[in-house]
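These values consider heavy atoms only, across backbone and side chains, with no hydrogens, waters or symmetry-generated copies.
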Amino acid sequence: GYASASLKASDGYSTISGSDHDTAFGAGLQYTPSFGRYHLGGRLEWVQYFDKDGVKIDGVSLSFMQRF
């Protein structure tokens, strides 16, 4: 995928800003068993959004779901 980020910071006296983009990628697992008419499940994902010039932005998410 593609990720783009913008940053703006100010301390009241000066402001800095910047933006950049990079390729994003990740991996994940999903488990959705069926219990009668209920479909409960979970998802675990890791995504690296940005890794350039010594700056790295990545994250892990854990979610639970119910399909109906």
**Request:** May I ask you to test the Thr32-Met65 pair for a side-chain heavy-atom distance under 4.5 Å?
**Result:** yes
**Request:** Indicate the atoms forming the closest heavy-atom contact of Leu40 with Gln66, along with that distance.
**Result:** CD2-CG, 3.7 Å
**Asked** Any chain of hydrophobic side-chain contacts (each under 4.5 Å) joining Val60 to Ile57?
**Response** no
**Request:** Tell me, please, which residues at least two apart from Asp20 pass salt bridge (charged side-chain N to carboxylate O under 4.0 Å, His left out).
**Result:** Lys52
**Request:** Assess whether atom OH of Tyr31 is packed by more than 12 heavy atoms of other residues, nucleotides or ligands within 6.0 Å.
**Result:** no
**Prompt:** In the single-linkage hydrophobic clustering (I, L, V, M, F, W, Y; side-chain heavy atoms under 4.5 Å), do Phe25 and Leu29 co-cluster?
**Reply:** no
**Message:** Tell me the closest heavy-atom pair linking Pro33 and Gly41, and the distance in Å.
**Reply:** CD-CA, 4.3 Å
**Asked** Between CG of Leu44 and CD of Gln30, what distance do you get to the nearest 0.5 Å?
**Response** 11.0 Å
**Item:** Worked check of side-chain contact (heavy atoms from CB on, under 4.5 Å) between Tyr2 and Tyr49
**Value:** CA-CA 8 Å; Tyr2 175 80; Tyr49 296 103; over 6 Å; no
**Complete:** Sorted by chain and residue number, the ring-ring contact (aromatic ring centres under 6.0 Å, His included) partners of Tyr13 (sequence neighbours excluded) come out as none
**Complete:** Note: Thr15 and Ser10 closest approach over all heavy atoms is OG1-OG, 3.4 Å
**Pairwise distance CG(Leu7) to OG(Ser19) - rounded to 0.5 angstrom** = 9.5 Å
**Item:** Spatial distance of atom CD (Glu45) from atom OG (Ser61) [nearest 0.5 Å]
**Value:** 4.0 Å
